[in-house]
There are 2 protein chains.
Amino acid sequence: MPDSEYRDIRKLDLFSQMADAHFTALMRGAYVQNFPAQIELITEGEPSDFLHIVLSGSVDLFSAWNGRDTSMATVRPISTFILAATIKDAPYLMSARTLEKSRIALIPSQDVRAIFDADSNFARAIVTELAQCYRSVIKSQKDLKLRTSLERLANYLLRQQKRAGGRAVFELDFEKRRLASVLGTTPENLSRAFKGLQPYGVTVTGSRITIGNQGDLERFAKPNPLIDDFSM
Amino acid sequence: MPDSEYRDIRKLDLFSQMADAHFTALMRGAYVQNFPAQIELITEGEPSDFLHIVLSGSVDLFSAWNGRDTSMATVRPISTFILAATIKDAPYLMSARTLEKSRIALIPSQDVRAIFDADSNFARAIVTELAQCYRSVIKSQKDLKLRTSLERLANYLLRQQKRAGGRAVFELDFEKRRLASVLGTTPENLSRAFKGLQPYGVTVTGSRITIGNQGDLERFAKPNPLIDDFSM
DNA sequence: CAAATCAATTGATAAATGTCAAATGCCGAG
DNA sequence: CTCGGCATTTGACATTTATCAATTGATTTG
């Protein structure tokens, strides 16, 4: 593994406080691999052999049942995924596929569990990470249960605008059909939802969004930190 | 605190492995209180001052936005709730109210965080608990995004049947209007959904459910451990 | 560049879900 | 026991969302 990546991983909240020896031990069994776009990295139901870390690119976590499927979340560098399955030594609940060319580090789950038992700083970091993950899903569950698809889109746009720097014009960061799935709707309805936001000053050109009237959109969307602020 | 409750709490996975001194320290600051039904114990957005443990009765976790509200989960004895907020020292994401007369233990959050730093067995137990909570929410999210309300009800009935002992006749464990909210629908539609399951052999009399043809219902519901098995 | 491919949009329609109002049924207080 | 209150059910209707088919638009590839 290149030294720069080694250091990048070390800097993650999850690993930054652990003992050197333990981090080195973890990395010894780890390996890094490049994947092309649209590769299925893991499949739900399989045993969780590796903790994954996205070093570059991006990964879609999705799930299927009875012929349907849905995007659950997107993982961006640099962060881990399927930590809970690794810790519990339980099957993956979600599948994962690369959205673009991606570089992924793989750490054997049994190593993670072993070091977790030996290093209490690491254990503490895992707690913080899991608590964060848990709260994120709760927020997204509230978004789904309390809002219509139009409201979900409006709030998504406000969140994405913020992530992209806060300007009135910004880019969607993934395809509309995946956005539709993330928002729990269909591509057709997403398209109509964009139209439905025109009265609030939202203009769409391809993946470029313009928020013509911030106040109008916010009054409609009613963003709430207990749903939309993923940093807390 | 009565000795029997002290021991019941000690037996929880969360506390069973920690050092005696630490457990005693935690319990010193804790207190136990009886609440009548329908009391709001915590309100979303407030700072998380206490980790709560339901000793008897039951508690509804719910959330509101823009005049709507929804039931997120039910907490039954003996287990904790709002662990993630306590650990992160972040505001509650959900409100909680007693569903019936309930006995609740309250442990100051700062004590939990302090002991968490000092006792690595406790830290490990928290990891396991949080991983479990996380996976439960993911399952419930999959249920919501991948299934229609009829399918959610069918699978709910199968889960509840199992929890109640597996017989063909069993009782719903809470009011239908709350069940509707948990399932992400309205009381009116829940009522129609029960009718919609008649062709699969489901009969409803008040809160008594009869599953006339297990195979028919299961073929329709298509239960899946990665969504419906909350033990793994 | 042109053809092929795939995403996105649009229109028409169907299905699911929500809302409102009224009726029914259940349960506890007096 | 009877009444009143509340949960539940039902019916009619509105809204939202999904589905299907066709078209448009953008991008890739030979």
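The analysis underlying the following values was restricted to heavy atoms, covering all of them including side chains, and did not include hydrogens, waters or symmetry mates. Below, read A as the first sequence line, B as the second, and so on, with proteins coming before strands; counting in each chain starts at 1.
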Checklist entry - Does A/Glu44 come within less than 4.0 Å of B/Lys142, counting only side-chain N to carboxylate O? => result yes

Next on the checklist: Is it the case that the side chains of A/Thr80 and A/Glu129 hold a donor-acceptor pair, with the cut-off being a distance below 3.5 Å and no angle test?
Outcome noted: yes

Item to check | Exercise: do A/Asn189 and A/Thr186 side chains pair donor with acceptor under 3.5 Å | outcome: yes

Item to check | chain B contact limits on DNA chain C, taken 5' to 3' with a cut-off of 4.0 angstrom to heavy atoms | outcome: C/dT17 to C/dC20

Checklist entry - Can any side-chain N or O of B/Lys145 pair as donor or acceptor with the backbone N or O of A/Ser71 at less than 3.5 Å? => result yes

Checklist entry - Just checking, any donor-acceptor pair under 3.5 angstrom between side chains of A/Gln141 and B/Ser140? => result yes

Checklist entry - Are side-chain N/O atoms of A/Arg76 and A/Ser58 paired as donor and acceptor at under 3.5 Å? => result no

Checklist entry - Over its full length, what angle do the end axes of the helix from C/dC1-D/dG30 to C/dG30-D/dC1 make, each axis taken from five pairs and the result rounded to 10 degrees? => result 40°

Checklist entry - Any side-chain donor-acceptor pair under 3.5 Å between B/Arg178 and B/Thr74? => result yes

Next on the checklist: Assess whether a salt bridge exists between A/Asp228 and A/Arg147, defined as any Lys/Arg side-chain N lying under 4.0 Å from an Asp/Glu carboxylate O.
Outcome noted: yes

Checklist outcome for this item: Nucleotide by nucleotide, nucleotides 4-20 of chain D touches protein heavy atoms under 4.0 Å in the pattern (B base, S sugar-phosphate only, - none) ---SSSBBB----SBBB

Checklist entry - With a 3.5 Å cut-off and no angle check, do the side chains of A/Gln214 and A/Gln161 form a donor-acceptor pair? => result yes

Checklist entry - Should the pair A/Phe81 and A/His52 be assigned to parallel (<30°), tilted (30 to 60°) or perpendicular (>60°) ring geometry? => result tilted

